[in-house]
Protein chains: 2
Amino acid sequence: MATTIKDIARIAGVSPSTVSRILSNKKTLSSGYAPETISKINQIAKDLNYRKNRSAIELVTKTSQVLGIILPASPTNFAQEIIAGIQKVASLHDIDVIIAYAGEDSELLQMQALKTISERSVRGILLLGITLSATNAQFLRASDIPYIFLSVAQPEPDLPFIASNDFDIGYQATNYLIMHGHREIAFVGADIPSCVGQLRLDGYRQALKDHQIAYRADYVIPGNWLYEDGIQAMNMLEKLPHLTAVVAGSDLVAAGVINRARQLHHHIPSDLSIIGIDGTALCDIIYPQLTSIQQSFYEMGVKGTEQLIRQANITSSYTPICTKKGGSVATRNKQNE
Amino acid sequence: MATTIKDIARIAGVSPSTVSRILSNKKTLSSGYAPETISKINQIAKDLNYRKNRSAIELVTKTSQVLGIILPASPTNFAQEIIAGIQKVASLHDIDVIIAYAGEDSELLQMQALKTISERSVRGILLLGITLSATNAQFLRASDIPYIFLSVAQPEPDLPFIASNDFDIGYQATNYLIMHGHREIAFVGADIPSCVGQLRLDGYRQALKDHQIAYRADYVIPGNWLYEDGIQAMNMLEKLPHLTAVVAGSDLVAAGVINRARQLHHHIPSDLSIIGIDGTALCDIIYPQLTSIQQSFYEMGVKGTEQLIRQANITSSYTPICTKKGGSVATRNKQNE
DNA sequence: TTGTAAGCGTTATCAG
DNA sequence: CTGATAACGCTTACAA
């Protein structure tokens, strides 16, 4: 049987209210108590190994110091960075974090995760790297808990998000290669049906168009942002002799392309230039080091958490992207073509 | 104002207990209700957008379907794998997961995380990759919540754990290199003061001893399991001309050693052989692919979670390790020495 | 098959 | 400055 406030009150010879006030340490109230009483209560609490009962507190106060995070079942390698940002801000405000995992594609698992989080009186919900089905989005709206999506821009205006501008990412990645003299550029490993994939592809196409480069459907090889997708993509790229550069959907995809290219005796970057997307720690670890469009993941976590904690009205915004230079892109002499 | 069971009861014209019984879906009880009543209640609940109040439920039932996880502030790259294992088992049992972050070295932050978790009526606590201070360990024992440490073996017998045998890891890594003809072997990047680091070093020394190889203190370069430690270590290894092989404390350290070695124009593995520890996905991604002593992280998560859920008495155990072969170790001709 | 009532541990309101 | 007392939303004997 766990120790309660009543136990302490009985032993100390005071009322439960007194104990509650002292233990919950409200500045305005406990300041009035005799230091003697205060230390006595604290001592007994320690002796009896007293622990607050959060359920009781949350029930009566109807508030909590908890933030809910919903993650895709297989968190991407940058989820870590976003969570670090969340964690940083949360701990600054003495706020705890609950995590629930949602299957990306299973509507049922999504709902499960939403319920898990929304049934606990959380102060806000952060949805990382997922897109909800219409039904589930409706459920979320109806919960009257503040929420914000991170890293995936949402089309509906009442689903606020903090993310990179994926069109810009696609555009800049492609443009970077064009600026280095490439005109035969593949776009591989992205999950095209997804919002993110679609926008990046749009950016890729626009960059081509702006430089009078014809779009070729066989230069687009879809995937799921995975290392294996890079491997697969490279197998197909082999058959495209004019190709000189690749936009990879993620750093992982880029790593797959690079490694498979090496196995096929193509030299990176002299035979084939590659630019990644994400700018994760992986860029420095693989060889050659990867040039990548870097996203501000940590900042997404920070900004999202601050908004939720501040309780102000939540607004969508984009975080900056920048080009992180590695050694995977070579300048191409235009005469070569 | 959120909908409660009473609201539903009032509208349906039944008592709150009826609603409670139907909504909580106890097989034994709700089976007795008229199907009509049941569907009516469910319909109203849906219409009114009813959500259970977990605080109230946990307060009255004094149990919960939640598992607490405590993570080091900067989770290692394999934490993901362990969590995946935890998540897998937990979701199978309809159990939620709460995560709190503890600063590895700060006793205060550790305590903070312990409080966070133990104040919520969790069913059990999983401690990932951390070692508690004596005071904090005592706090944990006193909480009367079942707990288990994952991935770090604990010296005290009343702190159950599931981990790899770190002595064996150190021994096998070293032995693998010896079996490939190496006798001048460095041991780098490990956090020597830690339990894990100490045990692996012991294994390393024992392997040397078993093959009549003298231990050399200048062959041991401590670190913190990080990529940067590998870089640093390689800078120092440069000055040791007889060296032919390296045991890296982690895959990340190995990646650092390899990349720095390349910059210094040493060829891997012909000039220098390297074996990593952990066997993470990174092994396949870096070049050359890394030979590594692989740990069973996923299994640690699975086994730990099952133990906690089963509520049986928790016992320590070791998960298996195996050698994952890459291309970073070369066989050395013994005559060369 | 359903209803009544007590109580989980805490805080908040209001007296004293 | 301190103490009753009532709530918070739910479950669960016990009654009917």
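Lettering of chains follows the sequences in order, A, B, ..., and the numbering in each one begins at 1.
By the salt bridge (Lys or Arg N to Asp or Glu O under 4.0 Å) test, A/Glu119 pairs with B/Arg54, sequence neighbours left out. Residues meeting the side chain to side chain contact (heavy atoms under 4.5 Å, CB included) test with A/Asp144, sequence neighbours left out: none. Residues meeting the side chain to side chain donor-acceptor pair (under 3.5 Å) test with A/Gln43, sequence neighbours left out: A/Asp47. The side chain to side chain donor-acceptor pair (under 3.5 Å) search around B/Ser143 returns none, not counting sequence neighbours. For A/Asp94, the side chain to side chain contact (heavy atoms under 4.5 Å, CB included) test picks out B/Gln112, with sequence neighbours left out. Qualifying salt bridge (Lys or Arg N to Asp or Glu O under 4.0 Å) partners for A/Asp191, counting only residues two or more places apart in sequence or in other chains: none. For the side chain to side chain contact (heavy atoms under 4.5 Å, CB included) test, residues two or more places apart in sequence or in another chain that qualify with B/Ser121 are A/Ser55, B/Glu58, B/Ser64. Every residue two or more places apart in sequence or in another chain was checked for a salt bridge (Lys or Arg N to Asp or Glu O under 4.0 Å) with B/Arg310, and none qualifies.
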Donor-acceptor pairs under 3.5 angstrom involving side-chain atoms of residues 147-164 of chain A: please list them, not counting sequence neighbours.
unit_1   : atom_1 : unit_2   : atom_2 : d
A/Tyr147 : OH     : A/Asp158 : O      : 3.0
A/Gln154 : NE2    : A/Ile130 : O      : 3.4
A/Gln154 : NE2    : A/Val152 : O      : 3.1
A/Glu156 : OE2    : A/Arg141 : NH2    : 3.4
A/Asp158 : OD1    : A/Arg141 : NE     : 3.4
A/Asp158 : OD1    : A/Arg141 : NH2    : 3.4
A/Asp158 : OD2    : A/Arg141 : NE     : 2.3
A/Ser164 : OG     : A/Gln295 : OE1    : 2.6

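Of the residues in residues 3-15 of chain B, those with a non-hydrogen atom less than 4.0 angstrom from any atom of DNA chain D are B/Thr4, B/Ile5. A heavy atom lying under 4.0 Å from DNA chain D marks none of the residues of residues 44-58 of chain A.
In this structure, A/Ile22 atom CD1 and D/dC1 atom C1' are separated by 10 Å, rounded to whole Å.
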Restricting to nitrogen or oxygen on both sides, can you table the protein-nucleotides 13-15 of chain C pairs closer than 3.5 Å?
none

